[in-house]
Each structure stands twice: as C-alpha cells, then as structure tokens.
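To start, the structure itself, in structure tokens.
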There are 2 protein chains.
Amino acid sequence: MGAEGHGDGTVGKALDVLDMVAGLGRAVRFSELLAQGVYPKATLYRFLQTLTHQGMLSYDPDRGTYSLGVRLVRLAHAAWAQSSLAPIARPYLDELAAETGETIHLAQMDLGQVLYVDKRNATRPVEMFAQAGKVGPAYCTGVGKAMLAYLPDEALARALERQSFHRHTPQTLYTPEALKAELAAIRTRGHALDREEHELGIICCAVPILSRSGRAIGALSVTSTTANTTLTALEAKAGRVKDIAAKIAAEAESWRFPEQG
Amino acid sequence: MGAEGHGDGTVGKALDVLDMVAGLGRAVRFSELLAQGVYPKATLYRFLQTLTHQGMLSYDPDRGTYSLGVRLVRLAHAAWAQSSLAPIARPYLDELAAETGETIHLAQMDLGQVLYVDKRNATRPVEMFAQAGKVGPAYCTGVGKAMLAYLPDEALARALERQSFHRHTPQTLYTPEALKAELAAIRTRGHALDREEHELGIICCAVPILSRSGRAIGALSVTSTTANTTLTALEAKAGRVKDIAAKIAAEAESWRFPEQG
DNA sequence: AGACTAAGTTTCACATAATGGAACCAAACG
DNA sequence: CGTTTGGTTCCATTATGTGAAACTTAGTCT
C-alpha cells in the first residue's frame with residue numbers, strides 16, 4: 001500500500017492525509033504523521049487543522065492525537081442508505097439468514113474491490129474477514145468472483161489490473177489466466193464458489209445480482225466453514241439464493257428515481 | 001441544517017459538495033447539484049471530477065449520476081474500528097443483549113450530538129430512530145442526557161448551544177433550564193431515563209461510560225417500549241448496565257496506545 | 001431536416017489560496 | 001539553564017483554484 005491518490009490538487013492531498021490517519025489505525029500524533037515524510041511540517045499542520053475543523057478528523061487535546069471524525073461516519077451512513085441495494089435487500093437477507101442459518105453477505109463492486117454492504121451472522125457465528133463496511137479483494141472471494149464474471153469486457157480488464165493476486169491459501173487462484181477460466185465456468189454455472197481461496201476453512205457459494213442489462217450490480221453469498229458443511233451442500237442452496245438475488249434485482253430495477261422526502 | 005463548513009479553503013468546499021450529495025440521499029445529477037446555487041458550474045464540475053477521481057464519489061455513466069463512493073465507506077469503517085469504544089464494547093453488548101433481550105445502544109458524543117456507534121436488536125425487534133452510524137439529538141435521548149450530565153462545564157455550555165430543542169413529544173424537556181435540572185438529577189441517580197421524550201412509546205435507561213477522570217466517553221442504554229415493559233422495570237436493570245459500563249470504561253482506559261500491527 | 005433548448009464539458013485570463021522554509025514557542029530533559 | 005523534541009505561526013513566492021463565457025452534445029419541437 002504505497003503512494004496514494006496524490007495527484008489532483010489540494011483536495012487529493014487532504015484526503016491523502018485522511019488515509020494516513022486511517023492507515024495507522026489508531027489515534028496518532030502530529031509527529032507520527034510528519035515522520036511519514038509525505039508533507040512538510042507547515043503543510044501537514046494546515047491539513048490537520050482544516051480536516052479537524054471540518055469534522056473529518058477529531059482531535060483529542062489531552063493526548064494531542066488525531067483520529068477519524070464523526071462526519072465520516074455520518075457520511076458513510078448516508079452512503080449505505082443510498083447505495084440502493086442495501087435497504088432493498090435487507091428483508092431478503094433476513095429471510096435467507098433465517099432459512100439457512102448460515103452467514104449471509106451482500107456485496108457491491110467498486111474499482112475492482114469488493115465492498116461488503118450488509119451481513120447476517122450465522123446462528124452459530126464464526127469469526128471471519130468480512131464485515132459490513134469492509135473492503136476486500138475480488139479475485140479470491142465468492143462475491144468478488146460472482147461480480148467479476150458478469151462485468152463488461154473493458155471494465156473487467158480494468159478490474160483485473162487492480163487485483164493484487166496474493167496467494168492467501170493453497171487454493172487461491174493467483175494468476176489472471178486461472179481466474180479468467182474460473183469466471184467462464186461461473187458464467188455457465190450461474191454461481192461462484194469459494195473453495196477456501198481467501199481464508200482456510202471458509203467456503204461459500206455466491207450469486208450475482210444482475211441488472212436487466214446483465215451487468216452485476218451486486219452479489220449475494222451464503223458462507224460457512226468446512227467444519228460445519230461441505231461445498232456440495234452449500235451449492236445445493238444456490239437455486240434459492242439465485243431466486244432471492246433475482247427478487248432484489250427486480251426491486252432495485254423498479255426503483256430508479258425515488259422521490260425525495 | 002444550513003450552510004456548512006464553507007470557510008476554510010478548497011478542502012472545505014469540496015467536503016461541502018460531499019454533504020450536498022449525502023443530503024439529497026440518492027444518486028444525483030450534475031444539474032441538481034448545480035441548482036442548489038452554491039457553486040458556479042465550472043467550479044462544481046471540477047469538484048465532482050476530483051471527488052470522483054478520489055473515490056469519495058462514484059459516478060454512474062449510464063445515468064449520469066453521482067453517489068457517495070467506497071473510499072468514504074472504507075474510511076468510515078476505519079473510523080468505527082478505531083473509535084476505541086466500539087471494538088472493546090462489542091462482547092459486552094452481546095452479553096447485555098442476551099441477558100435482557102432488549103435493544104441495546106452504544107453511543108458517543110460529538111459536537112453536542114449523539115452518534116450511535118453500535119446496536120443490538122431486541123429478540124423481538126422494534127422499529128425506532130436509532131441505528132448504528134446514525135446521529136441523533138442529545139437533549140431528548142437517554143444516552144444523550146447520560147453523557148451531557150457528565151460533561152465538563154464549558155463543554156456542556158457549548159453542547160447546550162447546539163441543541164435544537166424541538167418538542168418531539170409531550171414529555172420532551174424543551175428548555176435548557178428543564179434539561180439542566182434533569183442533568184443534576186441524573187448525576188445524583190447515576191443513570192438517565194428517557195420517558196418517551198424522543199419517540200412516543202419508546203423508553204430507555206442509559207448509563208454513562210466514564211473515564212477515570214470522570215469525563216463521559218460514551219453511554220450505554222437498554223431500550224424498550226411501553227407496550228413491553230415499564231420504566232420501573234427498566235430502571236431495575238440499571239445496576240447491571242452500570243457494571244458493564246464500568247467494565248468497558250476500565251478496558252478502554254488500559255488501552256491507551258495499542259501497538260500497531 | 002433545421003432551429004431551438006437543456007445538460008454537460010472545456011478554455012483561459014485572473015486572483016486567491018496553498019506552499020514550505022524558517023523563525024518561534026513551550027515543554028521535557030539532562 | 002542550555003538543549004532537544006514536538007508543535008505552532010509568519011510570510012514572500014507561486015502554484016492552484018476560480019468562474020464567465022464559449023463550446024459540444026443530445027434531445028425536442030415544428
């Protein structure tokens with residue numbers, strides 16, 4: 001994770017500072033940020049002032065540390081409420097969770113990455129990577145592959161370039177070629193499988209949520225562990241998941257321009 | 001909710017545009033934003049370009065609309081994970097939720113407003129205002145009052161100025177004086193009650209999470225409805241809630257500077 | 001077709017706002 | 001009581017942002 005957005009103007013730089021704070025993952029001192037050597041003292045200082053004043057950062061005067069601010073959380077809440085899929089899908093996720101008793105994920109794709117938009121925990125919850133609001137890789141997750149498989153050609157090309165292809169587990173498909181073959185298989189099958197490709201012991205069956213024009217606007221998955229079930233058993237639920245994905249798609253489609261309150 | 005951050009430089013203005021998009025609460029066209037008359041065409045255009053390029057907005061070329069982007073969500077997720085209380089409190093919220101079967105809220109205070117940081121639904125869930133990530137008023141919610149009551153004097157003064165004092169229900173305390181009296185009562189009692197002051201039928205018992213120095217760093221509440229229980233019954237749980245709040249406080253306190261991964 | 005309109009994009013002379021080296025201040029240290 | 005470390009302010013220089021206006025589509029009407 002090297003040099004960031006650095007490029008367009010003042011705003012880009014300011015956002016870069018936000019990322020630095022986020023990246024350190026805890027309240028940070030001025031000097032720690034300065035030590036990154038990205039911006040000169042005065043410049044960095046001014047950014048921190050502005051961002052704090054704007055509520056994007058919050059400053060703890062007792063400790064002299066900066067952390068991410070609430071305005072960010074408020075904005076993200078709005079983002080969630082507005083990412084058409086999430087509110088529509090909510091009742092369907094509940095339904096699917098109740099029916100299967102497994103972990104359910106709803107994800108969307110952005111810039112070649114997977115964003116987990118909503119989640120239901122299994123009746124017996126399992127610790128795993130995905131959380132609502134978290135961003136993850138596309139090439140080695142069920143939801144990611146399901147969406148990649150239905151991306152238009154040039155969008156797919158761009159997305160593939162952005163994959164880091166780290167070999168998380170022995171099962172990870174870590175070359176563009178292997179992945180492309182898999183995507184073709186997914187298209188004929190209609191659903192994607194994750195055979196412990198991201199985390200050992202975690203398997204899933206994912207289905208794309210397709211717009212009328214055939215673009216993937218999201219994906220839905222049922223996830224479990226090798227300790228609890230088998231891939232074949234999970235795959236048996238694919239039909240049901242597809243039905244629900246279709247319902248969500250239909251509702252999303254008919255929802256183009258909701259009136260404002 | 002009037003004119004925003006408008007004031008510090010380019011960054012402030014750009015963030016203002018983000019708020020405009022968030023405020024409309026759906027994917028918006030360029031012209032809609034332009035119609036707000038805040039920025040001239042070319043200026044607005046440039047901001048949208050920059051923000052999109054930075055991943056704070058995402059642009060749908062098919063419809064020509066902008067909506068909030070993933071980078072925002074990623075940042076907000078980091079904000080949540082880093083706002084020390086949330087991750088620490090998680091297991092305790094689970095515990096309290098299982099024990100009481102009622103709705104549990106964890107909130108923090110910011111700029112006189114309450115931010116719901118985490119939540120557990122009641123075994124029989126009830127629709128209500130609060131959601132994790134949502135911001136609400138302080139003067140008429142249990143968690144809000146619990147935190148106000150333990151604010152240092154000048155911080156309280158600043159917070160009070162920021163209250164809108166809308167009379168949501170007949171029980172709402174809608175004057176600073178009434179509220180101050182209530183805060184004194186809360187301090188002697190050690191917990192706050194919400195007697196349907198924000199939403200009719202919704203009652204709650206809230207407890208502040210206090211730092212060693214006595215500042216409120218958050219609040220914890222058990223919420224229910226008049227249909228399900230009485231205020232007295234809820235209040236009976238106050239002791240238990242206080243214990244858990246104390247545990248969270250202790251853990252937060254000992255957690256000052258976690259090493260980075 | 002061709003004239004008209006609305007929505008979005010690009011240009012460019014101009015002024016404002018960002019820049020960062022250096023000076024300054026305040027604690028903490030020895 | 002000099003010195004270092006961490007943070008804040010100044011200010012001349014110049015890069016950056018600004019926004020009216022010109023331009024380009026893409027629709028719509030006759």
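Proteins come first, then strands; the chains are lettered A, B, ... in the order of their sequence lines, and each starts at number 1. Predicted, not measured: the structure shown is a model, and the values here were computed from it. Computed over heavy atoms, backbone and side chain alike; hydrogens, waters and symmetry mates excluded.
Going from atom CG of B/L15 over to atom C1' of D/dG17 covers 16 Å, rounded to whole Å. Separating the CD atom of B/E32 from the P atom of C/dA7 is a distance of 10 Å, rounded to the nearest angstrom. Remark: P of D/dG17 and NZ of B/K13 are 11 Å apart, rounded to the nearest angstrom. Taking atom OH of A/Y39 as the reference point, atom P of C/dG21 lies 15 Å away to the nearest angstrom. Between B/D60 atom CG and C/dG8 atom C1' the separation is 16 Å, expressed in whole Å. Taking atom CG on A/L48 and atom C1' on D/dG7, their separation rounds to 11 Å, with Å as the unit. Taking atom CG of B/L34 as the reference point, atom P of C/dA6 lies 14 Å away to the nearest angstrom. B/L44 places its CG atom 15 Å from the C1' atom of C/dT10, with the value rounded to the nearest Å.
Of the candidates D/dG17, D/dT8, C/dT19, D/dT8 carries the atom nearest the A/F30 side chain, counting heavy atoms from C-beta on. For A/F47, whose side chain is taken as the heavy atoms from C-beta onward, the closest listed nucleotide among D/dT18, C/dT19, C/dA22 is C/dT19. Set against C/dT19, C/dG8, D/dG19, the side chain of B/P40 has D/dG19 as its closest nucleotide.
Side-chain N/O atoms of A/K41 and base N/O atoms of C/dG21 include no donor-acceptor pair closer than 3.5 Å.
OP1 or OP2 of D/dG17 has not a single side-chain nitrogen or oxygen of B/R46 nearer than 4.0 Å.
Nearest-nucleotide mapping onto DNA chain D: of A/Y66 and B/A42, the residue sitting toward the 5' end is A/Y66. Toward the 5′ end of DNA chain D lies the nearest nucleotide of A/Y45, the other residue of the pair A/T10 and A/Y45 mapping further downstream.
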(request) Apply side chain to side chain contact (heavy atoms under 4.5 Å, CB included) to A/Y59 and A/T65, showing your working. (result) CA-CA 6 Å; A/Y59 180 68; A/T65 57; over 6 Å; no

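Taking all atoms of both residues into account, the shortest heavy-atom contact from B/I186 to B/A192 is CD1-CB, 3.6 Å.
Looking at B/V114 and B/V135, their side chains never come closer than 4.5 Å, going by heavy atoms from C-beta outward. Under the 4.5 Å side-chain criterion, counting only non-hydrogen atoms from C-beta, A/L24 is in contact with A/L33.
Salt-bridge annotation for A/R74 and B/D19: absent, with no side-chain N of the basic residue lying under 4.0 Å from a carboxylate O of the acidic one.
Across all strands shown, B/T43 has heavy atoms under 4.0 Å from base atoms, whether or not it also approaches the sugar-phosphate.
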